[in-house]
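We use all heavy atoms of the structure for the numbers below, so side chains are in, but hydrogens, waters and symmetry mates are not.
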Amino acid sequence: MKKWLLFMMAISLLLVAPAIGKRHEAEWNNRTYEMIMPYDEVEVWLQEDEEQVWKQLKEAGLTTVSVEAETLDSLEKSGRVLLFRMGEWKQALVLANEHVVTPARGIVVYPLDDTFPTVTSLQATFGDDIKAMQVNGKTYYMIEGNAKKIERVPLGYDETKISDLMTRGFMVVLRIPDARDMNEASARVLQQVETLKNEHISKLLPTGEEVAGYPSDVEKWGKRWNEAGYVLLSTEFYEAKGLTTLAKAMNVHVVRLHSLNLEQRKPDEAVDVAVRAVKERNIRALFIRPYTSLDEQQNIEKTITVMKKIVQHMPNHYTLGNSEPFAPIERSYMATIGFIVGAAAFVFLAVRSLVSPIIAPLAAGGALVLGIAGTVLAIDFALKALALLVAIVTPIYAAKPSSVREGWRGTITAYGRAIAISFIGISWIVTMLYGNEYMAYVGEGFRGVKLVYVVPLVAMILLVLPSIIGQPLIPFFKKLWKQPITIGHVVLSMFILALLAYYVLRSGNTGTASAFELAARQKLEEWLYVRPRTKEFLLGFPAYLLALFVINKQKKLGAILLIVGTIGWLSMINTFTHLHIPLFISFIRTVYSLGLGFVIGIVLIYVYEWAWKKVIR
């Protein structure tokens with residue numbers, strides 16, 4: 001039966017291979033990135049020499065400018081209107097000796113120029129709430145209501161400003177208003193988005209905490225903008241309410257964007273962050289927020305210097321230009337059958353080897369049900385649950401050898417076995433969670449990263465603990481339960497929990513590292529293009545090799561080292577569950593880790609052999 005299951009797994013790997021190839025091709029062919037700056041933050045630089053500023057920015061690599069819908073607040077800041085809060089207006093009327101009935105709250109607008117159609121936009125947006133009045137021969141417009149909210153209501157995009165940017169050769173990104181700032185008449189602004197679409201205006205970037213149209217009309221506007229030909233920009237590490245719905249309504253025509261605030265980083269750090277985002281996380285749009293803390297000329301010069309360095313340090317196979325979404329990829333029917341059957345067979349063999357032949361059919365049946373529910377019934381949660389199951393089982397199955405021959409040959413063979421098992425599990429994971437929404441990180445992605453860091457480690461401890469304590473688990477735990485708790489037990493428990501918490505918190509994007517480790521990581525990245533994971537090549541894989549070598553001589557030491565070695569395999573699996581990272585980046589990183597870990601492991605084995613001969617024996 002084992003031979004037949006292995007044969008089924010081999011066939012399934014052949015079936016899923018084209019899908020993996022398609023994903024790599026889509027990622028590799030999408031290598032154009034763009035640099036975007038917000039117009040409102042550049043505007044302060046344009047007062048003295050507008051032509052020179054735009055020229056410098058373009059030479060530095062700026063390809064695109066983002067433009068927000070105008071509001072009374074933005075019109076006041078750019079000097080195109082005067083605004084009077086109701087208290088200020090009443091004081092002005094008294095000084096002018098005018099007697100006009102005013103509401104308790106609201107705002108009064110006085111247009112200063114006609115570069116933006118302020119009056120018609122106000123009338124279209126506020127309707128009957130706006131009233132014109134004459135004071136000293138001048139026309140003012142009074143809007144009743146909450147002044148702060150009125151100032152933020154979007155009035156429309158300044159088409160003159162947009163036309164000027166296009167004339168200068170820039171692409172334009174329209175920033176979609178926050179739904180919380182919009183009123184019932186604001187739909188006209190969203191309609192304007194449709195009419196503005198052209199070859200220079202092709203991307204939309206939501207602002208604020210709620211996507212325009214949230215909660216009920218997001219899908220409607222997404223479909224309309226998709227029909228118009230727009231692409232959605234999705235900001236990394238931030239998701240507004242309704243963004244996933246909007247992205248799916250736009251057929252996942254999404255480009256990932258990283259917002260880089262230069263004020264919050266040192267110049268060299270900002271360059272490293274930008275390059276790594278494009279190279280390692282499928283980011284294709286860099287949103288540059290310029291320096292603002294110095295005088296204007298220094299802010300310009302410092303910002304331009306960083307932008308030029310980003311372009312200089314970007315790998316040669318990436319080009320600056322107009323970014324595009326990934327080409328659509330779809331999993332074939334045969335690939336679907338392949339990963340369902342293969343994953344079920346894989347789970348059967350793993351559970352049979354690690355736990356019990358009795359439980360193995362139940363586990364495989366559960367995997368089969370999840371696979372069918374996820375594909376035939378299109379239950380997204382079922383596929384994610386199956387991917388999580390495989391991601392948890394794979395590092396345990398890889399790290400726990402059934403038997404190891406003594407000596408170098410047995411050690412290297414067992415190491416190769418673990419590598420093969422890991423890549424088999426990875427092949428199914430990346431085929432299960434497949435499609436543009438995963439590459440573009442739309443929605444939740446893979447859930448369970450922390451579980452994959454913890455569960456295999458705990459499982460391995462339980463599997464090898466009998467070898468360490470020299471007795472079965474159940475009698476040991478019964479005896480442990482009856483032991484009186486001492487201060488030493490409490491201190492030891494707190495220390496173990498602290499180590500576990502540090503281990504979990506260090507994993508993922510929010511993990512922390514020392515200054516020395518960060519410097520070492522940077523050097524590795526410079527030398528190797530992409531750095532291998534420290535916990536793999538310095539800890540997990542060397543410990544695993546040493547465990548394989550010593551386990552026949554010293555079972556307790558070997559069992560303890562297997563636990564440490566498991567960290568390498570679970571980290572390897574986790575690398576590939578970050579589905580927005582290009583496959584070739586994850587593959588290169590893993591090969592480096594396996595190779596360096598092997599070399600360090602060999603050194604450890606020689607050190608052990610010397611210590612065995614000279615000290616231990």
Side-chain angles (χ1 to χ4, degrees), residues 346-347 349-360 363 389-407 410-422 425 451-481 483 489 492-493 495-497 499-500 503-504 507 535-536 538-574 597-598 600-601 604-605 608 611-612 616:
F346 181 77
V347 169
L349 289 174
V351 174
R352 182 176 180 272
S353 172
L354 297 169
V355 186
S356 165
I358 298 172
I359 301 174
L389 175 63
V390 174
I392 288 173
V393 167
T394 301
I396 310 169
Y397 191 23
K400 183 66 171 65
S402 53
S403 63
V404 182
R405 280 187 186 179
E406 194 168 336
T411 299
I412 294 171
T413 301
Y415 190 61
R417 167 196 172 274
I419 293 172
I421 288 173
S422 297
L451 284 175
V452 178
Y453 271 112
V454 174
V455 175
L457 201 58
V458 173
M460 183 58 73
I461 291 171
L462 294 175
L463 287 170
V464 303
L465 193 57
S467 298
I468 298 171
I469 61 178
Q471 60 179 301
L473 286 180
I474 294 176
F476 171 75
F477 282 124
K478 283 182 178 179
K479 184 180 177 182
L480 189 65
W481 184 259
Q483 288 288 327
H489 292 146
L492 181 62
S493 299
F495 178 72
I496 293 171
L497 286 172
L499 282 178
L500 188 61
Y503 164 74
V504 173
S507 51
K535 65 173 72 71
E536 295 175 16
L538 274 182
L539 180 66
F541 296 145
Y544 186 72
L545 269 169
L546 184 56
L548 296 174
F549 192 82
V550 307
I551 199 163
N552 291 313
K553 296 178 182 178
Q554 293 179 285
K555 288 188 177 180
K556 288 185 179 181
L557 176 60
I560 292 169
L561 288 171
L562 278 181
I563 296 170
V564 180
T566 305
I567 293 173
W569 302 111
L570 62 86
S571 176
M572 176 178 167
I573 301 303
N574 247 318
F598 181 79
I600 296 170
L604 281 180
I605 289 172
Y608 167 82
W612 176 264
I616 302 172

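Residues Ile605 and Leu545 come closest through the heavy atom pair CD1-O, 3.9 Å. Listed here is the closest heavy atom pair of Ile468 and Lys556: O-CE, 3.1 Å. Closest heavy-atom contact between Ala391 and Ile573: O-CG2, 3.8 Å. Residues Ala547 and Leu561 come closest through the heavy atom pair CB-CB, 3.4 Å. Of all heavy-atom pairs spanning Leu548 and Pro401, the tightest one is CD2-CG, 3.9 Å. When all heavy atoms are compared, the tightest approach of Thr394 to Ser422 is CG2-CA, 3.7 Å.
Under a 3.5 Å cut-off, the side chain of Ser353 and the backbone N or O of Leu349 do not form any donor-acceptor pair. Using a distance-only test at 3.5 Å, with no hydrogens or angles considered, no donor-acceptor pair links the side chain of Ser571 to the main chain of Ile567. A donor-acceptor pair is defined here as one N or O able to donate and one able to accept, closer than 3.5 Å; such a pair exists between the side chain of Arg417 and the backbone of Ala398. Put simply, the side chain of Thr566 gets close to the backbone of Leu562: a donor and an acceptor are under 3.5 Å apart.
Taking the six-membered ring for Trp and the full ring otherwise, Tyr415 and Phe598 have centroids separated by under 6.0 Å. Proximity of the aromatic rings of Tyr397 and Trp569 is defined here by a centroid distance below 6.0 angstrom, and this criterion is not met.
Taking 4.5 Å as the limit, some side-chain heavy atom of Phe541 sits within range of a side-chain heavy atom of Met572. For the pair Ser356/Val351, no side-chain contact is recorded, criterion being any heavy-atom separation below 4.5 Å from C-beta on. Side-chain contact check for Leu463 versus Val355: every heavy-atom pair is 4.5 Å or farther apart.
Separation of atoms CD1 (Ile551) and OG (Ser403) is listed at 10.0 Å; rounding is to 0.5 Å. Atom CD1 of residue Ile563 and atom CD1 of residue Ile461 lie 5.0 Å apart, to the nearest 0.5 angstrom. The distance from the CZ atom of Arg352 to the CD1 atom of Ile359 is 13.5 Å, given to the nearest 0.5 Å. Interatomic distance, Leu546 CG to Leu604 CG, rounded to the nearest 0.5 Å: 5.5 Å. The CG atom of Asn574 sits 4.5 Å away from atom OH of Tyr453, with the distance rounded to the nearest 0.5 Å. Note that CG of Leu457 is 9.5 Å distant from CD1 of Ile396, once rounded to the nearest 0.5 Å.
Counting heavy atoms of neighbouring residues, nucleotides and ligands inside a 6.0 Å radius, atom NZ of Lys555 does not exceed 12 of them.
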Quiz item: Which is it for Gln554 and Phe549 under the side-chain contact (heavy atoms from CB on, under 4.5 Å) test, yes or no, and what are the steps along the way?
Solution: CA-CA 9 Å; Gln554 293 179 285; Phe549 192 82; over 6 Å; no
Practice problem: Before giving the answer on side chain to side chain donor-acceptor pair (under 3.5 Å), spell out for Glu536 and Tyr544 the whole-Å C-alpha distance, their side-chain angles and the decisive distance to 0.1 Å. | Solution: CA-CA 10 Å; Glu536 295 175 16; Tyr544 186 72; over 6 Å; no
